[in-house]
J.: 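Submitted below is the structure of interest, expressed as structure tokens.
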There are 2 protein chains.
Amino acid sequence: MPRAGLDRAAVIEAAAALADREGLPALTLARLAAELGVKAPSLYNHVSGLPDVERALAIAGARETNARMLRAAAGKARREALVAVGFAYRDFALERPGLYAASVRAPAPEDAEHQRIGNEAVATIVAVLSGFGLADDDALHATRGLRAVIHGFVGLEAAGAFRLALGREESFLRLLTAFAVGLEHSIDARKGS
Amino acid sequence: MPRAGLDRAAVIEAAAALADREGLPALTLARLAAELGVKAPSLYNHVSGLPDVERALAIAGARETNARMLRAAAGKARREALVAVGFAYRDFALERPGLYAASVRAPAPEDAEHQRIGNEAVATIVAVLSGFGLADDDALHATRGLRAVIHGFVGLEAAGAFRLALGREESFLRLLTAFAVGLEHSIDARKGS
DNA sequence: AACAAAAAACTAATGATATTAGGCATTGTG
DNA sequence: CACAATGCCTAATATCATTAGTTTTTTGTT
């Protein structure tokens, strides 16, 4: 039997491509092996099982998302930064639906590495909101809010929930703007202005 | 062999209970059958397969969500109605995580019944936003926004994404309020006030 | 260069799952 | 009370993931 010349990276890459192309649920070891011209058990020389592959996709997706958000936020502040980060996240989800879907699943509580990557993305959101001059709990609540706004819109869009012929970018832009405006006002209100 | 006395409703109910208790992924026909004191193939006398069960849960969940949102919105308007509906949705997701998870999956495009239930929930959101005096596209964009806000926050919370010791109700309240405030202001801006 | 060790592929087997087919008992109805 | 429908069963097939054990190819060492 000739060797296929696989390694872990090649397996994970093929898995990502398959998940992007046919959806995360279509990613099975049997399918992946066939795609790579190999029998399913052979994959165990490179990965420890399906959960390992899924975790690798989740981490790769989270890394990529975070990198894009950081790039998008560079040199921007407040409302502009918030919108840029939102769209960076959305673009990634639309371009790599399989990786995105994998990265959405919450990391196992005992998976320190995966948790760490997730925390970095949260830190990026925190940084984006720092320009709004929020302190302490205000900043934490706002972070949860922005995560929810972005995750919610992108998730619904990825699930095909927006079927109307109405610009989705426009919807997203308005949502991000409304949240930003709302944030600014709640700050004013709290300052007693 | 004595009869178990099952019918479709009993099967679906047990499936919902199992999904709530152990998570939607734990819902398998084998598991469900064991729970009901019956062998898996016997379930086919009452449901047409696992997808049928999942669809039934999705529809039941969507119905219940919608009913709760309608009840919550009755007699309220604008910001108050928006907050009430958001919390009604959230309460349901926390009380019935399995049903909620099932109802989040988008209906198949050819599944008219399921689509219809989903549209009713959208109509409820539209109604809640009607008090804000939005017209045409503005109303549609805002509806997408509110759906995203609610779905996003509740989804993250259900996934265990909010691990800090910081009131989650408070975070959600602030998010809904920020969105409402942002909406009001974007309306003002558009009116040129 | 030869050979031993490591790595990568394979086949075979196990166990979970869904699902279909076919048989038998129970039940409710004429 | 017979009988037809119904509900449950066992048996069988097919798809997965995964483990064990084998073979073959590389690789690295002497």
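Every chain is numbered from 1, with letters handed out A, B, ... down the list of sequences.
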J.: Over how many whole Å does the gap from B:E54 atom CD to C:dA18 atom P extend?
T.: 9 Å
J.: Between A:H46 and C:dA9, does any side-chain N or O lie under 4.0 Å from OP1 or OP2?
T.: yes
J.: Transitively linked via ILVMFWY side-chain contacts under 4.5 Å: B:L140 with B:I150?
T.: no
J.: Please give, in whole Å, the distance from D:dT6 P to B:Y44 OH?
T.: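 Distance check: B:Y44 OH to D:dT6 P gives 20 Å.
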J.: Are A:L24 and A:L27 packed together at the side-chain level, in the sense that at least one heavy-atom pair is separated by less than 4.5 angstrom?
T.: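 Yes. Closest side-chain heavy atoms under 4.5 Å.
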J.: Let me know the distance between CG of B:L6 and P of C:dT27, rounded to the nearest Å.
T.: 14 Å
J.: Would you indicate what A:S42 reaches in the nucleic acid, counting non-hydrogen atoms under 4.0 angstrom: base, sugar-phosphate, or nothing?
T.: base
J.: Side-chain contact, heavy-atom cut-off 4.5 Å: B:M69 with B:F92?
T.: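 Answer no - side chains too far apart.
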J.: Rounding to a whole Å, what distance do you find between A:K39:NZ and D:dT24:P?
T.: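 That distance rounds to 17 Å.
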J.: Nearest to the side chain of A:A40, heavy atoms from C-beta on, is which of C:dA18, D:dT18, C:dT19?
T.: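 Closest nucleotide to the A:A40 side chain: D:dT18.
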J.: Is there a path from B:F132 to A:V181 through hydrophobic residues (I, L, V, M, F, W, Y) whose side chains come within less than 4.5 Å of each other?
T.: no
J.: Report the distance from atom CG of B:L50 to atom P of C:dA18, rounded to the nearest whole Å.
T.: 6 Å
J.: Donor-acceptor pair under 3.5 Å: do we get one between A:N45's side chain and the base of C:dA9?
T.: yes
J.: Could you state the CG-P distance from B:D52 to C:dA18, rounded to the nearest angstrom?
T.: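 Those two atoms, CG and P, are 14 Å apart.
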J.: Between P on C:dA16 and CG on B:L29, what's the gap in Å once rounded to a whole number?
T.: 16 Å
J.: Counting only side-chain heavy atoms from C-beta out, which of C:dT19, C:dT17, D:dC9 sits nearest to B:V38?
T.: D:dC9
J.: Just the rounded figure in Å: distance from P of C:dT26 to CG of B:D7.
T.: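 Taking atom P of C:dT26 as the reference, CG of B:D7 is at 20 Å.
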